[in-house]
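This one's a predicted model, so the numbers in the text were calculated from it and none came from an experiment. One is the number of the first residue; the rest follow in order along the sequence.
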Amino acid sequence: MKKRLNITIEEDLLEKIKEYAETKERSVSDLVQDHFRTLLKPPATLPNGMTLVDYMKSLPKSKVEFPEDYDWKEEYYKAKAKKWGYEDLL
């Protein structure tokens, strides 16, 4: 069931948000509702209250070893080229 909500905001902000909603083909009500859902979403948590850095350090080490001169950037672009079928252009 939906309920009506009246809010008061600055006129210039309302005009900008109406324009934004129109470009996204959505209503202002939908945008506000989605924003409220995002605000109420519980935060993501890590095990035992760990920080992200601690969690990453706790993950098992990779068994694959790469040479010191391994060019990660070049290999990334080669893989993308292969995926999209234009590796012969490299």
Side-chain angles (χ1 to χ4, degrees):
M1 179 170 99
K2 292 194 174 196
K3 292 268 189 170
R4 187 168 190 79
L5 170 68
N6 292 322
I7 62 172
T8 304
I9 61 173
E10 295 177 16
E11 189 174 344
D12 60 326
L13 178 59
L14 178 59
E15 291 306 314
K16 288 178 184 176
I17 204 67
K18 283 181 178 180
E19 290 172 12
Y20 177 82
E22 188 175 325
T23 63
K24 299 296 181 184
E25 297 180 356
R26 299 185 60 195
S27 70
V28 173
S29 293
D30 284 342
L31 295 174
V32 170
Q33 189 168 272
D34 282 354
H35 183 66
F36 285 163
R37 281 193 182 114
T38 301
L39 288 173
L40 296 174
K41 193 182 297 183
T45 57
L46 295 171
N48 302 323
M50 298 172 114
T51 67
L52 181 58
V53 172
D54 291 336
Y55 178 71
M56 294 300 291
K57 286 180 179 176
S58 74
L59 295 174
K61 300 280 187 218
S62 172
K63 296 185 191 265
V64 178
E65 294 198 19
F66 294 93
E68 287 291 323
D69 62 344
Y70 188 79
D71 189 346
W72 292 92
K73 194 174 190 178
E74 180 181 345
E75 295 303 320
Y76 169 81
Y77 286 112
K78 281 182 186 176
K80 286 292 183 186
K82 183 177 181 184
K83 178 180 178 179
W84 295 105
Y86 59 87
E87 66 270 16
D88 55 325
L89 299 176
L90 293 177

| Enclosure of Q33 CD (heavy-atom neighbours >12, cutoff 6.0 Å) |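 Enclosed: over 12 neighbouring heavy atoms sit under 6.0 Å from CD of Q33.
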
Could you tell me which residues satisfy side-chain contact (heavy atoms from CB on, under 4.5 Å) with [X], sequence neighbours excluded, listed by chain and number?
X	answer
K63	none
S58	M50, Y55
F66	V64, Y70, W72
V28	I17, K18, A21, V32

| Looking at R37 and D34, does any basic side-chain N land under 4.0 Å from a carboxylate oxygen? |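 Salt bridge flag = yes for D34 with R37.
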
| field | E19 with K16: basic N within carboxylate O range, under 4.0 Å | value |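 Salt bridge between E19 and K16, a charged N being under 4.0 Å from a carboxylate O: no.
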
When the side chains of residues 4-14 are checked against the rest of the protein, which donor-acceptor pairs come out under 3.5 Å, sequence neighbours left out?
none

| field | Sequence-distant partners of E25, salt bridge (Lys or Arg N to Asp or Glu O under 4.0 Å), two or more places apart | value |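 Salt bridge (Lys or Arg N to Asp or Glu O under 4.0 Å) list for E25, sorted by chain: empty.
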
